[in-house]
Enquirer: 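This is the structure, below, for whatever I ask next.
As the structure is a prediction and not an experimental result, all values here were calculated from the model.
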Amino acid sequence: MSGIPRARTIEALAPVLRAGHLSPVDLLEDCLDRVAQFDGRLAAFVALADHARDDARAAERELRAGHWRGPLHGIPIALKDNYLTHDLPTTAGAPGIGIAFPRIDSYAARRLRQAGAILVGKTRTHQFAWGTTTPPTRNPWAPDRVPGGSSGGSAAAVAAGMCVAALGSDTGGSIRIPASLCGVVGLKATFGRISRAGVIPHSWSLDHAGPLTRCVADAATLLLALVGYDPADPGSVDRPVANWTLALDQPIRGLRIGVCRNHFFDSNQSGVEQAVEAAIRDLAAAGAVITDFRLPLLDFGLGAIFAIELASSAAYHDRSLRDGIVAHFEPDVRTLVEMGRLVSGADYLKAEQYRHRLARDFADIFQKVDVVVGPTTPLTAWPVDTPSVAIAGAMESVLAASWRLTYPYNLTGMPALSVPCGFDAAGMPIGLQIAGRPFDEMAVLRVAHAYERDHDWSDAEPALTAA
């Protein structure tokens, strides 16, 4: 059999797997070799699947017999350690503290298995999907820097080629933040598109499940595999499923792109701002119509999402709080969970009222534009154990800064995607965020792919060194 294509993407690998020019076994072994070589330094995985090789051999037999299940058949994919699986333990980043999770397949794990994917293992998450650093995972582009969080293990594993794609979860940006910081694509579809059944809850009304991939086409492919109505998730919606891969070759001439000049451009690192402004100019050069606008209500969103997220997390962890188990949580997570008890009913109601108003304001904007673009994060990956950094001449908490530009789309439930759009002076990746009206993933993917097609940022790979 021939070698593995240089582009370790579903888009490149699926045809050669189907044609028999590459074995799923060889592809899996390549991923496992990279885990053995690099994960001692990156710490992206918390567990590997003992049965992965058996599954790869089964996929090889099926493909040889002509039983092709689709583009995920034989593709090694990792799951964040808050997705339940029947054959791998789930710890949510909190092993050995007296909390056990059932050995059953989450909706997403089941759908991936049905599609023929090889579930290679579990990736690290910031404990209980809080936080934006994912300790002890490191960034493949610079191991002295964080990968982002809370899906940092998934982003690092994809960026390092230790799996072809991975799943994460996103409550305030936890797919898109690490995607931006690690130079991969991260997609949060519309709230309700992908079932969260079997994903350990963080905040019921903010949580989203979704993919991290090497390219936009792979994100579209995984979206197709994962969407569908699931009565096991009360937030799941029964909406028509589009073939999002059809968006990938559509031109963007005449498409209306909005740029929100407040909030998203108020305070960014200079390298981030320059790269995003260049991306906006490139989209205009491709024929898109750029419209600047302002949305003053965004300036008050942090209090709203904190009230909802803190209260929701405290409610989920109520028994752990009452039984004293929270004392064994990591200090940053323990503080946030305990703070949730301080959110009053009035605070929560005001936050939900704000949320409704923000969604209405965005709906008005989408009467005039098709997508909104801007930075994914205002900063690139920061050094490990750094609580604050200088942004636009002022010191700012990395926790507050890193999710400032992503959480508005969790509050509104709108689809949003991060695609690489360059590097800063230190060689760290920068992400361009593209958001659309609810259930219009087609427009988001269309713009993301058009941008990606005209640039080679997604082809760049970190210079990895073994531990």
Enquirer: For the residue pair D424 and T380, confirm or rule out a side-chain donor-acceptor distance under 3.5 Å.
Expert: yes

Enquirer: Cut-off 3.5 Å, side chains only: do S174 and K80 have a donor facing an acceptor?
Expert: no

Enquirer: Less than 3.5 Å apart, any donor N or O on the side chain of D207 or T171 sitting next to an acceptor on the other?
Expert: yes

Enquirer: Would you find a donor on one side and an acceptor on the other, under 3.5 Å apart, between the side chain of E11 and the backbone of A217?
Expert: no

Enquirer: What distance do M442 atom CE and W244 atom CH2 have between them, rounded to the nearest 0.5 Å?
Expert: 8.0 Å

Enquirer: Can you give me the closest heavy-atom contact between T132 and H126, atom names plus distance?
Expert: N-ND1, 3.7 Å

Enquirer: Do S418 and Q433 have side-chain atoms, one donor and one acceptor, less than 3.5 Å apart?
Expert: no

Enquirer: Counting only N and O atoms by type, is there a donor-acceptor contact under 3.5 Å from the side chain of Y107 to the main-chain atoms of L226?
Expert: yes

Enquirer: Could you give the distance from SG (C421) to OH (Y451), rounded to the nearest 0.5 Å?
Expert: 5.0 Å

Enquirer: When the ring planes of Y409 and F264 are compared, do they come out parallel, tilted or perpendicular, using 30° and 60° as the limits?
Expert: parallel

Enquirer: Going through the checks in order, is the side-chain contact (heavy atoms from CB on, under 4.5 Å) test met by V337 and V333?
Expert: CA-CA 6 Å; V337 170; V333 175; 4.1 Å; yes

Enquirer: When D30 is tested against each of V25, L22, V164, I4 for side chain to side chain contact (heavy atoms under 4.5 Å, CB included), which residue passes?
Expert: I4

Enquirer: Nearest heavy-atom pair of Q269 and A390: which atoms, and what distance?
Expert: NE2-O, 4.0 Å

Enquirer: Any chance the side chains of E309 and S203 put a donor and an acceptor closer than 3.5 Å?
Expert: no

Enquirer: Given side-chain contact (heavy atoms from CB on, under 4.5 Å), test F306 with L336 step by step and report yes or no.
Expert: CA-CA 10 Å; F306 252 135; L336 291 166; 4.2 Å; yes

Enquirer: Which heavy atom of T376 sits nearest a heavy atom of L405, and at what distance?
Expert: O-CB, 3.5 Å

Enquirer: With distance as the sole test, does R138 use its side chain to make a donor-acceptor pair with the main-chain N or O of A156 at under 3.5 Å?
Expert: no

Enquirer: Pair R103, T85 - check side chain to side chain donor-acceptor pair (under 3.5 Å), show working.
Expert: CA-CA 6 Å; R103 289 287 196 103; T85 46; over 6 Å; no

Enquirer: A cation-pi test, strictly: NZ or CZ of R196 under 6.0 Å from the centre of the six-membered ring of W204 and no more than 45 degrees from its axis. Yes or no?
Expert: yes

Enquirer: Return the CD1 to OG distance between I391 and S402, rounded to the nearest 0.5 Å.
Expert: 8.5 Å

Enquirer: Between S236 and A232, is there a donor-acceptor pair closer than 3.5 Å when you use the side chain of the first and the backbone of the second?
Expert: no

Enquirer: Compute whether any side-chain donor of one residue and acceptor of the other, for D282 and H455, lie under 3.5 angstrom apart.
Expert: yes

Enquirer: Apply the test side-chain contact (heavy atoms from CB on, under 4.5 Å) to residues I308 and L206: give CA-CA distance (whole Å), side-chain angles for both, the deciding distance (0.1 Å), then the verdict.
Expert: CA-CA 8 Å; I308 296 168; L206 297 169; 3.8 Å; yes

Enquirer: Measuring from atom OG1 of T406 to atom CD1 of I175, what distance do you get when rounded to the nearest 0.5 angstrom?
Expert: 11.0 Å

Enquirer: For D144, does the CG atom have more than 12 heavy-atom neighbours from other residues, nucleotides or ligands under 6.0 Å away?
Expert: yes

Enquirer: Return the CG to CD distance between L445 and Q250, rounded to the nearest 0.5 Å.
Expert: 10.5 Å

Enquirer: Test D39 against R34 for salt bridge (Lys or Arg N to Asp or Glu O under 4.0 Å), laying out the working first.
Expert: CA-CA 8 Å; D39 202 45; R34 294 177 73 85; over 6 Å; no

Enquirer: Return yes if some donor-acceptor pair links the side-chain N/O of S151 with the main-chain N/O of G168 below 3.5 Å, else return no.
Expert: no

Enquirer: For D385, is the CG atom crowded, meaning more than 12 foreign heavy atoms sit under 6.0 Å from it?
Expert: no

Enquirer: With the side chain counted from C-beta on, respond yes when D218 and V185 share a heavy-atom pair under 4.5 Å apart, and no when they do not.
Expert: no

Enquirer: Any non-hydrogen side-chain atom of T245 less than 4.5 Å from a side-chain atom of T221?
Expert: yes

Enquirer: Do the non-hydrogen side-chain atoms of T377 and L181 ever get within less than 4.5 Å of each other?
Expert: yes

Enquirer: Looking at CZ of R124 and OG1 of T91, how far apart are the two atoms once the value is rounded to the nearest 0.5 Å?
Expert: 8.5 Å

Enquirer: Taking the side chain as every heavy atom from C-beta outward, state whether D370 and R437 have any pair of such atoms under 4.5 Å apart.
Expert: yes

Enquirer: Using a 4.5 Å cut-off on heavy atoms from C-beta on, say whether the side chain of N139 contacts that of V384.
Expert: no

Enquirer: Are the side chain of R176 and the backbone N or O of L417 linked by a donor-acceptor pair below 3.5 Å?
Expert: no

Enquirer: Kindly give the heavy-atom pair with the smallest separation between I252 and V447, and that separation in Å.
Expert: CG2-CA, 4.2 Å

Enquirer: May I ask you to decide if I177's main-chain N or O and S180's side chain share a donor-acceptor pair within less than 3.5 Å?
Expert: no

Enquirer: Does T335 use its side chain to pair, donor to acceptor, with the backbone of P331 at less than 3.5 Å?
Expert: yes

Enquirer: When you measure from the side chain of T190 to the backbone N and O of M414, does any donor-acceptor pair fall under 3.5 Å?
Expert: no

Enquirer: Would a 4.5 Å heavy-atom cut-off, applied to side chains only, mark V216 and L248 as touching?
Expert: yes

Enquirer: Does either side chain, that of S313 or that of W130, offer a donor lying less than 3.5 Å from an acceptor on the other one?
Expert: yes

Enquirer: Would you indicate whether the side-chain heavy atoms of P378 and R404 approach each other to under 4.5 Å?
Expert: yes

Enquirer: Which is it for R113 and D87 under the side-chain contact (heavy atoms from CB on, under 4.5 Å) test, yes or no, and what are the steps along the way?
Expert: CA-CA 12 Å; R113 293 188 205 275; D87 48 4; 2.8 Å; yes

Enquirer: Between the side chains of D230 and S195, does any donor sit under 3.5 Å from an acceptor?
Expert: yes

Enquirer: Between F329 and F128, is the ring centre distance below 6.0 Å?
Expert: yes

Enquirer: Please answer whether the main-chain N or O of R69 pairs with a side-chain N or O of H73 as donor and acceptor at a distance below 3.5 Å.
Expert: yes

Enquirer: Please find the pair of heavy atoms, one from G152 and one from T134, that lie closest to each other, and give the distance.
Expert: N-OG1, 3.1 Å

Enquirer: Is the shortest heavy-atom distance from the side chain of T123 to the side chain of D81 under 4.5 Å?
Expert: no

Enquirer: Do S458 and R214 have a side chain donor and acceptor closer than 3.5 Å?
Expert: no

Enquirer: Would you call R64-E60 a salt bridge at under 4.0 Å N-O?
Expert: yes

Enquirer: Shortest non-hydrogen contact from P143 to L42?
Expert: CG-CD2, 4.5 Å

Enquirer: I'd like to know if the side chain of S169 pairs up with that of N82 as donor and acceptor (distance under 3.5 Å, no hydrogens or angles considered).
Expert: yes

Enquirer: Test ring pair (Phe, Tyr, Trp, His ring centres under 6.0 Å) on H208 and F191; report intermediate values, then the result.
Expert: CA-CA 6 Å; H208 298 67; F191 182 80; 5.5 Å; yes

Enquirer: Crowded around R53 CZ? As in, over 12 foreign heavy atoms under 6.0 Å?
Expert: no

Enquirer: Give me the one residue out of R446, K188, R193 that meets salt bridge (Lys or Arg N to Asp or Glu O under 4.0 Å) with E441.
Expert: R193

